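Some notes on the structure that comes next.
Just the heavy atoms: all of them, side chains too, but no hydrogens, waters or symmetry mates, feed the values below. Note that the structure is a prediction, hence the values are computed from the model and not measured. Numbers for residues simply follow the sequence, beginning at 1.
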Amino acid sequence: MKAFIFDLNGTMVHDMEYHTRAWQQLFNEDLGGSFSWDEVKPQMYGKNREVLVRLFGPDRFTDEEMDRVSLEKERRYQREFLPHLALLPGLMELLEQAHQRGIPMAIGSAAIPFNIDFVLDNLNIRHYFQAIVSADDVTVSKPNPEVFLRCAELLGVPPADCLVFEDVPKGAEAAQNAGMKAVVLTTTHEVAEFAHLPNVLHFAPDFTDAFVRGLVGA
């Protein structure tokens with residue numbers, strides 16, 4: 001593969017529990033919902049507005065209200081997760097080795113820039129990425145391939161030569177729809193949930209995995 005594209009949440013940082021917790025608290029304490037953890041967790045994909053529509057319907061919030069709720073949710077998430085913020089084991093080494101080998105890298109995430117900046121700048125890893133595509137840069141979320149195709153375009157690499165790192169089935173499906181292979185980090189979903197996706201090359205608990213390290217000759 002000539003380029004790497006990384007999802008962010010759940011793939012580079014193991015933070016999906018904190019996103020789910022922030023959403024559940026906001027839904028139930030601020031918005032009058034009564035959602036269980038098991039009801040909220042499967043909705044943790046796509047843009048924040050899409051999450052709100054899936055849980056509350058299309059007519060509950062104005063666009064301005066959804067933006068306000070979204071930002072408040074991210075502030076709560078960041079406040080709770082900051083003391084635990086760290087890359088998955090082995091990822092810093094992978095980024096440095098790929099950088100040394102001249103492999104272009106991008107982030108393709110449904111996160112808003114506020115959250116992407118939170119991770120990249122607190123961990124001082126922005127310089128590893130030649131392209132960043134956020135929720136604000138696409139019109140349709142995963143499993144639509146737009147985010148990954150945009151990454152490939154910005155990197156100047158054909159989609160078939162890009163390898164995607166993902167943690168959720170919708171993301172791996174987006175990679176397939178983009179004509180890209182994927183490596184799945186098993187931080188948030190079980191292997192069986194990806195059985196319908198033939199583009200998944202490998203499953204790994206983190207980036208210390210031998211197959212993943214082999215991608216950069218380590």
Side-chain angles (χ1 to χ4, degrees), residues 1-13 16 44-47 50 87-88 90-113 115-117 119-120 125-189 191 193-204 206-207 209-218:
M1 298 297 174
K2 297 178 181 177
F4 294 159
I5 302 175
F6 296 85
D7 173 55
L8 182 68
N9 305 112
T11 298
M12 294 179 63
V13 292
M16 292 309 295
M44 295 297 98
Y45 67 91
K47 299 182 181 184
E50 295 167 346
L87 294 177
L88 260 65
L91 179 53
M92 183 64 81
E93 292 79 7
L94 179 74
L95 294 175
E96 179 60 27
Q97 289 161 356
H99 177 69
Q100 292 295 332
R101 292 188 58 185
I103 299 173
M105 293 181 282
I107 291 174
S109 172
I112 61 175
N115 265 2
I116 296 175
D117 293 343
V119 173
L120 298 188
I125 58 172
R126 185 180 295 274
H127 61 286
Y128 287 120
F129 300 98
Q130 288 72 54
I132 298 170
V133 180
S134 74
D136 290 357
D137 301 313
V138 299
T139 56
V140 187
S141 292
K142 304 168 187 175
N144 187 285
E146 182 182 4
V147 61
F148 293 143
L149 292 174
R150 179 65 176 149
C151 286
E153 178 185 4
L154 291 171
L155 294 177
V157 177
D161 291 332
C162 296
L163 179 64
V164 171
F165 294 89
E166 262 286 355
D167 70 302
V168 300
K170 295 288 186 184
E173 184 180 348
Q176 176 173 273
N177 292 337
M180 301 175 183
K181 301 296 185 182
V183 169
V184 168
L185 283 301
T186 55
T187 56
T188 55
H189 288 268
V191 170
E193 296 177 69
F194 299 84
H196 61 295
L197 297 169
N199 64 318
V200 177
L201 295 177
H202 187 71
F203 296 92
D206 56 42
F207 292 89
D209 178 86
F211 177 90
V212 175
R213 293 174 60 222
L215 295 170
V216 290

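- One distance of note links NZ of Lys47 with CD1 of Ile112; it measures 11.5 Å at 0.5 Å rounding.
- Within the 4.5 Å cutoff, no side-chain heavy atoms of Ile103 are placed close to those of Gln97.
- For the atom pair CG of Leu8 and CD of Glu166, the computed distance is 10.5 Å after rounding to the nearest 0.5 Å.
- Here the side chains of Ile107 and Leu120 are in contact, with some heavy-atom distance below 4.5 Å.
- Phe4 and Ala98 make their closest contact through CE1-CB, 4.0 Å (heavy atoms, listed as atom of the first residue, atom of the second, distance).
- To the nearest 0.5 Å, the span separating CG on Asn177 from CG on Asn199 amounts to 8.5 Å.
- Residues satisfying the side-chain hydrogen bond (donor to acceptor under 3.5 Å, both in side chains) test with Glu193, not counting sequence neighbours, are His189.
- Contact between Pro104 and Gly102 at its shortest, heavy atoms only, is CD-O, 3.3 Å.
- Considering only residues two or more places apart in sequence or on other chains, Glu146 meets the side-chain hydrogen bond (donor to acceptor under 3.5 Å, both in side chains) condition with Thr139.
- Partners of Tyr128 under the side-chain hydrogen bond (donor to acceptor under 3.5 Å, both in side chains) rule, at least two apart in sequence or in another chain, are Glu96.
- Nearest heavy atom pair, residue Ala110 against residue Ala135, reads O-CB, 3.1 Å.
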message: Using side chain to side chain contact (heavy atoms under 4.5 Å, CB included), reason through Leu215 and Met1 one step at a time and then give a plain yes or no.
response: CA-CA 8 Å; Leu215 295 170; Met1 298 297 174; 5.8 Å; no
task: Go through the steps for Tyr45 and Thr188 under the test side chain to side chain contact (heavy atoms under 4.5 Å, CB included), then give the verdict.
output: CA-CA 11 Å; Tyr45 67 91; Thr188 55; over 6 Å; no
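- Summarising the geometry of Leu87 relative to Met92, their closest heavy-atom pair is CD1-CE, 3.8 Å, with the distance given to 0.1 Å.
- Sorted by first and then second residue, the side-chain hydrogen bond (donor to acceptor under 3.5 Å, both in side chains) pairs involving residues 1-13 (not counting sequence neighbours) are Asp7-Thr11, Asp7-Lys142, Asn9-Asp15, Asn9-His19, Thr11-Asp167.
- For the pair Phe207 and Glu93, the minimum side-chain heavy-atom distance is 4.5 Å or more.
- Considering only residues two or more places apart in sequence or on other chains, Asp209 meets the side-chain contact (heavy atoms from CB on, under 4.5 Å) condition with His202, Ala204, Pro205, Phe211, Val212.
- Rounding to the nearest 0.5 Å gives a distance of 9.0 Å between CD1 of Ile125 and CZ of Phe6.
- Rounded to the nearest 0.5 angstrom, Asn144 CG and Glu173 CD are separated by 10.0 Å.
- Considering all non-hydrogen atoms of both residues, Gly217 and Arg101 come closest at N-NH1, 3.5 Å.
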task: Output, in order, the C-alpha distance, side-chain angles, deciding distance and verdict of side chain to side chain contact (heavy atoms under 4.5 Å, CB included) for Thr187 and Met16.
output: CA-CA 9 Å; Thr187 56; Met16 292 309 295; 5.8 Å; no
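- Side-chain contact between Leu91 and Asp206: absent, with no pair of heavy atoms (C-beta onward) separated by less than 4.5 Å.
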- request: Could you walk me through whether Met12 and Leu185 pass side chain to side chain contact (heavy atoms under 4.5 Å, CB included), step by step?
  value: CA-CA 9 Å; Met12 294 179 63; Leu185 283 301; over 6 Å; no
Enumerate, atom names and distances included, each donor-acceptor pair closer than 3.5 Å involving a side-chain atom of residues 147-165, sequence neighbours excluded.
residue	atom	partner	partner atom	Å
Arg150	NH1	Glu153	OE1	3.2

